[in-house]
Amino acid sequence: MQPIIITLDGFSSCGKSTLARQLAAELNYVFIDSGAMYRAITLYFLRNHTNWNNQTEVVAALKEITLDFQYNSLTGNSDMFLNDENVEALIRDMLVSEHVSEVAAVKEVREFGVAQQQQMGVRKGIVMDGRDIGTTVFPQAELKIFVTADPAVRVERRFKELYAKNPNISIEEVKTNLEMRDYTDSNREFSPLRKATDAIELDNSLLTREEQLDIVLKWAREKMKQSN
Ligand code: DC
């Protein structure tokens, strides 16, 4: 069967990455968490005091950045590597979350990310999640899913995830960060978060992980049949 491209876009903390990872595993496809790439770039800028509002500094810094996903046999996931360093845990920090939307809105950063993501999809057989995957990265994708969830559900999910690592985190902090990122991601000039006109919407507020996986697997298998 010919492989297809599947995109999952949506607001922060809708569970896109979890769903995309499970879907890729079921189909034996490659899973790419595009947000991890913007997070790794943000980490690099923070560490190197790169002013992301200065185009010259951004262009010079991007030349020093190599991003790579490497399989982790302990977790079974692909970890994000920044210049050969495993930064998978570091990029999930609140400090990175606080700045990533601003960094991801910079034109040169977007061009850098999008070009690499498009390269990863040339052979298809890929599930990629993000904000602009169905609109800008792979407008020709065979299956586009736009994931949504009730904002209160999203805050609760994200809080639980972060609290497990840092019990000092407050629910208010998480809520403010999600609201800020949703606003910045949707209102930026270059490839803002939008539902592609041909995307199918999946509201997973009341769905378990198994239920949502069953739904998207059905959609994926239908599209795979139609594309062959
Ligand atoms: O999916 P995530 O929450 O890890 O993404 C982190 C940030 O990266 C998000 O706030 C917006 C940005 N992002 C983006 O601009 N485009 C993408 N394709 C993926 C993420």
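Order of appearance sets the numbers: ligands from 1, and atoms from 1 within every ligand.
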TODO: Report, in ascending order of atom number, the atoms of ligand 1 lying under 4.0 Å from any heavy atom of D185.
DONE: 9 (C), 10 (O), 11 (C)
Task: Nearest-0.5 Å distance that lies between atom CD1 in I6 and atom CD in E142 - done: 8.5 Å
Open item on the list: Starting from atom 12 (C) of ligand 1, what is the nearest protein heavy atom, named by residue and atom, and what distance separates them?
Closed with: A104 CB, 3.7 Å
Task: Any N/O pair R181/ligand 1 closer than 3.5 Å - done: yes
- [ ] Would you check the N or O atoms of S101, main chain and side chain alike, for any that come under 3.5 Å of an N or O of ligand 1?
- [x] yes
- [ ] Establish whether V100 and L193 are linked, either directly or via other cluster members, by ILVMFWY side-chain heavy-atom contacts under 4.5 Å.
- [x] no
- [ ] Identify the protein heavy atom lying closest to atom 15 (O) of ligand 1, giving its residue, its atom name and the separation to 0.1 Å.
- [x] R188 NH1, 2.6 Å
Open item on the list: Give me the nearest non-hydrogen protein atom to atom 2 (P) of ligand 1 as residue plus atom name, then the distance to 0.1 Å.
Closed with: R131 NH2, 3.6 Å
Task: Nearest neighbour in protein (non-hydrogen) for atom 4 (O) of ligand 1 - done: R39 NE, 2.7 Å
Open item on the list: For L143, is there any backbone N or O sitting under 3.5 Å from a side-chain donor or acceptor partner on K223?
Closed with: no
- [ ] Measure T184 to ligand 1 on non-hydrogen atoms and call it side chain, backbone, both or neither using the 4.0 Å cut-off.
- [x] neither
Task: Closest approach of any protein heavy atom to atom 19 (C) of ligand 1, naming residue and atom - done: S34 OG, 3.3 Å
Open item on the list: Working to the nearest 0.5 angstrom, can you tell me the gap between I4 CD1 and R221 CZ?
Closed with: 11.0 Å
Open item on the list: Could you check whether R157 pairs with E161 (Lys NZ or Arg NE/NH1/NH2 to Asp/Glu carboxylate O, under 4.0 Å)?
Closed with: no
Task: Identity and distance of the protein heavy atom lying nearest atom 20 (C) of ligand 1 - done: G35 CA, 3.5 Å
Open item on the list: Checking side-chain polar atoms at under 3.5 Å, does S191 have a donor or acceptor matched by the opposite partner on R131?
Closed with: no
Open item on the list: D33 versus ligand 1: do any nitrogen or oxygen atoms come within less than 3.5 Å of each other?
Closed with: no
Open item on the list: Looking only at distances, can you tell me whether any N or O atom of R110, backbone or side chain, sits closer than 3.5 Å to an N or O atom of ligand 1?
Closed with: yes
- [ ] Provide the number and element of each atom of ligand 1 under 4.0 Å from a heavy atom of Y38.
- [x] 8 (O), 13 (N), 14 (C), 16 (N), 17 (C), 18 (N), 19 (C), 20 (C)
Open item on the list: Check this for me: does any side-chain nitrogen of one of K107 and E111 sit under 4.0 Å from a carboxylate oxygen of the other?
Closed with: yes
Open item on the list: How long is the straight-line distance from CG of L19 back to SG of C14, given to the nearest 0.5 Å?
Closed with: 10.5 Å
Task: Residues which pass side-chain contact (heavy atoms from CB on, under 4.5 Å) with R92, listed by chain and number, not counting sequence neighbours - done: D33, A36, R39, E88, K165
Task: ligand 1 versus H99: contacting region, heavy-atom distance under 4.0 Å - done: neither
